[in-house]
Amino acid sequence: MKKWIITGIALLLAAGLCGCDFISELKAQNSQSRAYTERVQRDKLKKTYKGKGYACLKTSDEQDAYAAIDIAARSLESESFDIKNGSAFDNFGYILEFYKNDNPYVFWIKDDAPYNYVDKDDKVTIELEFKASGDELAEQKKKLDNAIKKAVDGAPKDPGTSTYAMELYINDYIVDNCEFDEDAAELHKKKKIRGHEQDVYGALVEGKAVCEGYARAFSLLCRRLGVECSLIEGYASEKNENTGKIEREAHIWNCVQLAGNWYHTDVTWNDDTSGEFADVYSRRYYYLNLTTKEIARDHEISPLYGEELNGGDFYNEFIPECKSTDYNYFRLNCPVLSDFNNPEDVVSGLAAAASKGEKYFDFLLNANMDFSETKSKIAGSEGYEWIKEANGRNKNSPKLGDKCSLFAFEERRLVTFLLKYS
């Protein structure tokens, strides 16, 4: 607001020196000329937008506000622009979020207090707030470009690489090169934002982010490598390790399209690879390519833009129907135990993993088996017999030892052996 007051004072002083009529006429001409130029730019750009965020906007005024954001965001210095009062301004916060979702590269718009405005009856003058500007912003963009190039250059080069294999690479790259910013997450509980933890610069350059940074980095790399991807906003429920209570917190993740079907992927929660899961490599795929029913166990999807929020804070511009299990990591890669009378697929898989010196082996339990009872049998004599059989097939080279341990994840019907050799 101070900037607008200073500008107003400067104009009054100029008017006193040069004559009010002349200044008023000049100001009106400049304003009309700028408005016309911006109108031409906005109308031209609006014909090129293909993002799902832009497509969900309900009115031409909202679309115009989106175009105005795009023009302003291209500059290294923040500049003001006008939009119509009414729905375009009432929903400007959502429009800005949709623009950022369509353009995850744009990391420099502030997350807290992202814009200032002055209400002028039929129109509103808005100025975006940047985290950095000028030479500093230009340097940050170079660093991000280099980080993106490094990630893209490391991707599989085979022209026949499937979008699924590319998605796996992107998931692995982010898990391996970014860590969850616990300190920033604690600050968020106090309504404070530290820096770039919610954007791609934090995830890909600084190597630390919270869920929004993870999801935006995943979205950006997917798009650069030919994987159709969208962001999903909502809430997640997780047990607080200190209190033991289930806490519901704002959260953001992704949906990807593979072979015509959509899937939910949460790369932030795939990065739960420390502590007790440090050696469970496949844990990084736990939230990779889930159905809507599966993700709904601990994730809550906010409504589409224009629907009733029901007490939430977020809208989604796009919510795909996710029913397919074809590219769920575990269903695609793991043998299934149907009963203890015929464990051949599991024993063969275990022997094959051991022959390669793998650190883990995953398999699934058929839906007709009681999970707790089956897990207990595997942890006891059944698992021991499988290990003996695998060692026999491999002629004890290498030999699985008696310190192999077992993890069981009931909601995925997944069992993981951590393999130890003697």
Practice problem: Tell me yes or no: between the side chains of Tyr305 and Glu97, is some donor less than 3.5 Å from an acceptor? | Solution: no
Exercise. Can you run down the side-chain hydrogen bond (donor to acceptor under 3.5 Å, both in side chains) pairs that involve residues 244-260, sequence neighbours left out, and say none if there aren't any?
Key: Asn240-Glu247, Arg248-Glu300, His251-Asp266, Trp253-His264
Self-check item: Gap separating the OH atom of Tyr54 from the CG atom of Asp102, nearest 0.5 angstrom
Solution: 10.5 Å
Self-check item: Donor-acceptor side-chain pairing of Glu167 and Tyr329 below 3.5 angstrom
Solution: no
Quiz item: Is a side-chain N or O of Thr325 found less than 3.5 angstrom from the main chain of Asn328, in a donor-acceptor match?
Solution: no
Practice problem: Answer whether the closest heavy-atom distance between the side chains of Glu389 and Pro343 falls below 4.5 Å. | Solution: no
Quiz item: Around Lys52, counting heavy atoms of other residues, nucleotides and ligands shown, do more than 12 lie under 6.0 Å from its NZ?
Solution: yes
Self-check item: Asp135 atom CG: more than 12 heavy-atom contacts under 6.0 Å
Solution: no
Practice problem: Please name the pair of heavy atoms, one in Leu364 and one in Cys334, separated by the smallest distance, quoted to 0.1 Å. | Solution: CG-CB, 4.1 Å
Quiz item: Is the shortest heavy-atom distance from the side chain of Cys56 to the side chain of Tyr94 under 4.5 Å?
Solution: no
Self-check item: Taking every non-hydrogen atom, the tightest pair across Val210 and Ala185
Solution: CG1-N, 4.1 Å
Practice problem: Would you mind telling me which of Tyr164, Trp262, Tyr285 makes a ring-ring contact (aromatic ring centres under 6.0 Å, His included) with Tyr327? | Solution: Tyr164
Exercise. Classify the side-chain pair Asn85/Asp119 by whether it contains a donor and acceptor separated by less than 3.5 Å.
Key: yes
Quiz prompt | Between CG on residue Asp181 and OH on residue Tyr214, distance to nearest 0.5 Å | solution = 9.0 Å
Quiz item: Between Tyr66 and Tyr49, what is the ring plane arrangement, given parallel below 30°, perpendicular above 60°, and tilted in between?
Solution: perpendicular
Exercise. Locate the shortest heavy-atom distance separating Cys322 from Leu290; write the atom from each residue and the value.
Key: CB-O, 4.1 Å
Quiz item: How far apart are the C-alpha atoms of Thr268 and Asp271, what are their side-chain angles, what is the distance that settles it, and do they pass the side chain to side chain contact (heavy atoms under 4.5 Å, CB included) test?
Solution: CA-CA 5 Å; Thr268 308; Asp271 198 14; 5.9 Å; no
Quiz item: For the atom pair CG (Asn101) and CG (Leu231), what is the distance rounded to the nearest 0.5 Å?
Solution: 5.0 Å
Exercise. Tell me, with the steps shown, if Phe81 and Ile71 meet side chain to side chain contact (heavy atoms under 4.5 Å, CB included).
Key: CA-CA 9 Å; Phe81 55 87; Ile71 294 170; over 6 Å; no
Quiz prompt | Pairing residues for Ser133 by the side chain to side chain contact (heavy atoms under 4.5 Å, CB included) criterion, not counting sequence neighbours | solution = Glu77
Quiz item: Distance-only, no hydrogens or angles: does the Glu62 side chain make a donor-acceptor pair with backbone N or O of Lys58 under 3.5 Å?
Solution: yes
Quiz prompt | Interatomic distance, Glu197 atom CD to Leu187 atom CG [nearest 0.5 angstrom] | solution = 7.5 Å
Quiz item: What residue among Leu288, Ile295, Asp298 forms side-chain contact (heavy atoms from CB on, under 4.5 Å) with Trp269?
Solution: Asp298
Quiz item: Do Asp172 and Tyr281 have side chains that get closer than 4.5 Å, going by heavy atoms?
Solution: yes
Exercise. Identify the two heavy atoms, one from Arg223 and one from Cys229, that lie closest to each other, and give their separation to 0.1 Å.
Key: NH2-O, 3.6 Å
Quiz item: Do the side chain of Arg331 and the main chain of Asp326 share a donor and acceptor less than 3.5 angstrom apart?
Solution: no
Quiz item: Taking atom CD of Glu321 as the centre, does the number of heavy atoms from other residues, nucleotides or ligands within less than 6.0 Å exceed 12?
Solution: no
Quiz item: For Lys149, which residues count as a salt bridge (Lys or Arg N to Asp or Glu O under 4.0 Å) partner, sequence neighbours excluded?
Solution: Asp153
Self-check item: Positive for salt bridge (charged side-chain N to carboxylate O under 4.0 Å, His left out) with Asp199, one of Lys208, Lys100, Lys131
Solution: Lys131
Quiz item: Does Tyr421 reach the side chain of Leu400, with side-chain heavy atoms less than 4.5 Å apart?
Solution: yes
Quiz item: Is the cationic atom of Arg216 (NZ for Lys, CZ for Arg) positioned less than 6.0 Å from the six-membered ring centroid of Phe107 and within 45 degrees of its normal?
Solution: no
Quiz item: Is Lys293 atom NZ crowded by more than 12 heavy atoms from other residues, nucleotides or ligands, each under 6.0 Å away?
Solution: no
Quiz item: For Trp108, does its backbone N or O pair with a side-chain atom of Tyr201 as donor and acceptor, under 3.5 Å?
Solution: no
Quiz item: Just wondering, do Leu350 and Leu419 contact through their side chains at under 4.5 Å, heavy atoms?
Solution: yes
Quiz item: Strictly under 6.0 Å, is that where the ring centroids of Trp386 and Phe363 end up?
Solution: yes
Exercise. Keeping the roles fixed (side chain from Arg412, backbone from Tyr286), state whether a donor-acceptor pair exists under 3.5 Å.
Key: yes
Quiz item: Around Lys191, counting heavy atoms of other residues, nucleotides and ligands shown, do more than 12 lie under 6.0 Å from its NZ?
Solution: no
Practice problem: Considering only NZ, NE, NH1 and NH2 on the basic side and carboxylate oxygens on the acidic side, decide whether Asp70 and Arg42 come within less than 4.0 Å. | Solution: no
Self-check item: Residues forming a side chain to side chain contact (heavy atoms under 4.5 Å, CB included) with Asp112, sequence neighbours excluded
Solution: Lys110, Ile193
Exercise. Compare all side-chain heavy atoms of Ile83 with those of Ile95 and state whether any distance is below 4.5 angstrom.
Key: no
Self-check item: Ile378/Leu365 under side chain to side chain contact (heavy atoms under 4.5 Å, CB included): CA gap, chis, key distance, verdict
Solution: CA-CA 11 Å; Ile378 296 170; Leu365 302 185; 4.1 Å; yes
Self-check item: Value rounded to 0.5 Å, distance of CG in Asn316 from OG in Ser302
Solution: 6.0 Å
Quiz item: Would you call Asp43-Lys47 a salt bridge at under 4.0 Å N-O?
Solution: no
Self-check item: Asn270 side chain to Tyr287 backbone, donor-acceptor under 3.5 Å
Solution: yes
Quiz prompt | Distance, nearest 0.5 Å, that separates CZ of Phe218 from SG of Cys178 | solution = 13.5 Å
Practice problem: Look at the side chain of Ser75 and the backbone N and O of Ala72, then say whether any donor-acceptor pair between them is shorter than 3.5 Å. | Solution: no
Quiz item: Which residues pass the side chain to side chain contact (heavy atoms under 4.5 Å, CB included) test with Glu373, sequence neighbours left out?
Solution: Asp370, Lys377
Quiz prompt | Residue pair Ser348 / Arg393, side-chain donor-acceptor N/O under 3.5 Å | solution = yes
Quiz item: Should Phe92 and Ile69 count as side-chain neighbours, where that means a heavy-atom distance under 4.5 Å?
Solution: yes
Quiz item: Looking at the rings of Tyr360 and Phe407, which for Trp means the six-membered one, are their centres under 6.0 Å apart?
Solution: no
Self-check item: Thr291 and Tyr263, any side-chain heavy atoms less than 4.5 Å apart
Solution: no
Self-check item: Set of side chain to side chain contact (heavy atoms under 4.5 Å, CB included) partners for Arg224, sequence neighbours left out
Solution: Tyr105, Ile148, Val152, Leu220
Quiz item: Within a radius of less than 6.0 Å around OH of Tyr384, do more than 12 heavy atoms belonging to other residues, nucleotides or ligands occur?
Solution: no
Quiz item: Do you know which two heavy atoms are closest between Ala217 and Ala203, and how far apart they sit?
Solution: CB-CB, 3.7 Å
